[in-house]
Amino acid sequence: MNNQHPEFTVPQRQSVLRSEPEAAVVYEYPEHLRPFLDSLPAVPGVYLFHSESDTLPLYIGKSVNIRSRVLSHLRTADEAAMLRQSRRISWIGTAGEIGALLLEARLIKEQQPLFNKRLRRNRQLCALTLRDGKVDVVYARDVDFSHAPDLFGLFANRRAALATLQSLADEQKLCYGRLGLEPLSRNRACFRSALKRCAGVCCGKESPQEHDARLLASLDKLRVTCWPWKSAIALKESREQMTQYHVINNWLWLGAVDTLEDAATLVQTPAGFDHDGYKILCKPLVSGTCEIIELNPGNAHAAR
């Protein structure tokens, strides 16, 4: 039986001279993975490269076309180390790109594949908030990011949040002292004012209102969108022969079901703010381009 696939050609060793770095690494085509290629579908979803272990995958990826994306891995030498350790490939189809993104993020966090960027629940997740002209850092563990108004940016830690604030101050000539980034002596201009890097709210060259309006305009580009619904919703996603309802609450993906009736059990799940869900879902949900069904805590639902 001929297992050769028309999509593939096994690279031949070239007789031309290679540079020393190239000669040191010769990519060997992963012949042992070919038996798994026939079953790969050209549909959206998630794919997994497995080692000898049945429980810990080496790599998890997603695509709107699983087959095309997996084949791209098999054509590059950059991922040779991962491919040499892989023993099989599996896949999970979804109804669309949103489902693939959500499932990939969840599986990576749950299974921590060796060759993926590690995604863990971030206990230092924080945002900026504006109070009386000064900017404070608040944490998701203390504040409900799904519903708290006037939060700006989502940051992995306090240091990242303050670095962003400092960058905005430099761009807009804001006062480090008024922002709380450094001490400010009473009735004395800040050091950056003498360097013309501060517009001078600290020494009367501009009013606090002018300074704060410029600050707010800059921060507004980073505003965190509050959860727009009273409770959970179902986002309908469809492709040929497949429909999924993604149950979401407070920007947290609770899972995907085949029917709205099945959503009732997921709605009961406690839902706290999820950074990855927010990044994936905010734009498609707020844009109004998706079909959304509001779910109440009971079994009733109303299309919107």
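Because only heavy atoms are used, hydrogens play no part in the values below, and waters and symmetry mates are left out as well, while side chains stay in.
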Could you measure the distance from the CG atom of L181 to the OH atom of Y176? Nearest 0.5 Å is fine. 6.5 Å
Once side-chain hydrogen bond (donor to acceptor under 3.5 Å, both in side chains) is applied, do any residues pair with R223, and if so which ones, sequence neighbours excluded? D150, D220
Separation between CG of L128 and CG of L168, rounded to the nearest 0.5 Å: 8.0 Å
Looking at R214 and Q172, would you say the former's side chain and the latter's main chain have a donor-acceptor pair under 3.5 Å? yes
Answer whether the closest heavy-atom distance between the side chains of L254 and V267 falls below 4.5 Å. no
Among the clusters formed by ILVMFWY side chains lying less than 4.5 Å apart, do V286 and W227 turn up in the same one? yes
On the 0 to 90° scale, with breaks at 30° and 60°, tag the Y278-F273 ring pair as parallel, tilted or perpendicular. tilted
Heavy-atom nearest pair, A169 first then L179, reads CB-CD1, 3.7 Å
Do other residues, nucleotides or ligands put more than 12 heavy atoms under 6.0 Å from the CZ atom of R159? no
Treat each ILVMFWY residue as a node, draw an edge where side-chain heavy atoms are under 4.5 Å apart, and state whether I280 and L125 are in one component. yes
Verify the cluster assignment for F191 and L162: are they in a single hydrophobic cluster under the rule of side-chain heavy atoms below 4.5 Å apart? no
For the residue pair P208 and H211, establish whether any side-chain heavy-atom pair is separated by less than 4.5 Å. no
Report yes if the side chains of N65 and V43 come closer than 4.5 Å at any heavy-atom pair, otherwise no. no
Would you mind checking if E182 and R192 are paired as a salt bridge, meaning a charged N to carboxylate O distance below 4.0 Å? no
Can you see whether N157 engages Y139 through a side-chain donor-acceptor pair at a distance of less than 3.5 angstrom? no
Tell me, yes or no, whether the heavy-atom count around E97 atom CD, taken from other residues, nucleotides or ligands under 6.0 Å, exceeds 12. no
Donor + acceptor pair across side chains of T289, S287 (<3.5 Å): yes
Partners meeting side chain to side chain contact (heavy atoms under 4.5 Å, CB included) with K205 (sequence neighbours left out): S193, C203
Kindly give the heavy-atom pair with the smallest separation between L184 and R178, and that separation in Å. CD2-N, 4.3 Å
Evaluation steps, side chain to side chain contact (heavy atoms under 4.5 Å, CB included), between L215 and V135: CA-CA 10 Å; L215 167 62; V135 180; 4.0 Å; yes
Go through the steps for L107 and Q112 under the test side chain to side chain contact (heavy atoms under 4.5 Å, CB included), then give the verdict. CA-CA 8 Å; L107 290 177; Q112 298 291 301; over 6 Å; no
So, S167 and D170: side-chain donor and acceptor under 3.5 Å apart, yes or no? no
Going through the distances and angles, do Y245 and I293 end up as a side chain to side chain contact (heavy atoms under 4.5 Å, CB included)? CA-CA 9 Å; Y245 295 91; I293 300 95; 4.1 Å; yes
Taking salt bridge (Lys or Arg N to Asp or Glu O under 4.0 Å) as the test, write out the residues that go with D144, two or more places apart. none
Report yes or no: does H147 contribute a side-chain atom to a donor-acceptor pair with the main-chain N or O of N250 at less than 3.5 Å? no
Between K109 and D274, is the salt bridge (charged side-chain N to carboxylate O under 4.0 Å, His left out) condition met? List the steps. CA-CA 12 Å; K109 278 195 272 193; D274 179 60; 3.2 Å; yes
Got a donor-acceptor contact below 3.5 angstrom from the R197 side chain to the A194 backbone? no
Testing the basics here: between F49 and V70, what is the closest heavy-atom pair and its distance to 0.1 Å? CZ-CG1, 4.1 Å
Could you walk me through whether R106 and D276 pass the salt bridge (charged side-chain N to carboxylate O under 4.0 Å, His left out) test, one step at a time? CA-CA 9 Å; R106 172 175 290 183; D276 296 312; over 6 Å; no
Residues that Q111 engages under side-chain hydrogen bond (donor to acceptor under 3.5 Å, both in side chains), provided they are two or more places apart: none
For A189 versus C202, what's the shortest heavy-atom pair and its separation? CA-SG, 3.8 Å
Are the side chain of T164 and the backbone N or O of A160 linked by a donor-acceptor pair below 3.5 Å? yes
Closest heavy-atom contact between P41 and I66? O-CB, 3.5 Å
May I ask you to check whether W91 and Y47 place their ring centres under 6.0 Å from each other? no
Distance from R88 atom CZ to L48 atom CG, nearest 0.5 Å? 8.5 Å
With distance as the sole test, does W251 use its side chain to make a donor-acceptor pair with the main-chain N or O of T225 at under 3.5 Å? yes
Within-4.5 Å side-chain heavy-atom neighbours: L101 and K62: yes
Mind running side chain to side chain contact (heavy atoms under 4.5 Å, CB included) on E79 and F115 for me, showing each step along the way? CA-CA 9 Å; E79 294 160 321; F115 287 90; over 6 Å; no
Run the ring-ring contact (aromatic ring centres under 6.0 Å, His included) test against Y59 and tell me which residues pass, sequence neighbours left out. H73
Tell me, do N249 and I233 make a side-chain contact under 4.5 Å, heavy atoms counted? no
Using 0.5 Å steps for rounding, measure from the CG atom of L281 to the CD1 atom of I248. 4.5 Å
What closest approach, in Å, do M242 and G93 show between heavy atoms, and which atom pair accounts for it? CE-O, 3.6 Å
Between H246 and W253, do the side chains contain a donor N or O and an acceptor N or O under 3.5 Å apart? yes
Do I108 and V64 belong to the same hydrophobic cluster, where Ile, Leu, Val, Met, Phe, Trp and Tyr are linked whenever their side-chain heavy atoms lie under 4.5 Å apart, directly or via other members? no
Working to the nearest 0.5 angstrom, can you tell me the gap between I98 CD1 and Q244 CD? 11.0 Å
Walk me through it: do S51 and S53 pass the test side chain to side chain donor-acceptor pair (under 3.5 Å)? CA-CA 5 Å; S51 64; S53 170; 5.0 Å; no
Output the distance between atom SG (C126) and atom CZ (F155), rounded to the nearest 0.5 Å. 7.0 Å
Between L165 and L174, is any pair of side-chain heavy atoms under 4.5 Å apart? no
Checking S90 now: which residues fulfil side-chain hydrogen bond (donor to acceptor under 3.5 Å, both in side chains) with it, not counting sequence neighbours? H50
Shared hydrophobic cluster for L74 and L58 (ILVMFWY, side-chain gaps under 4.5 Å): yes
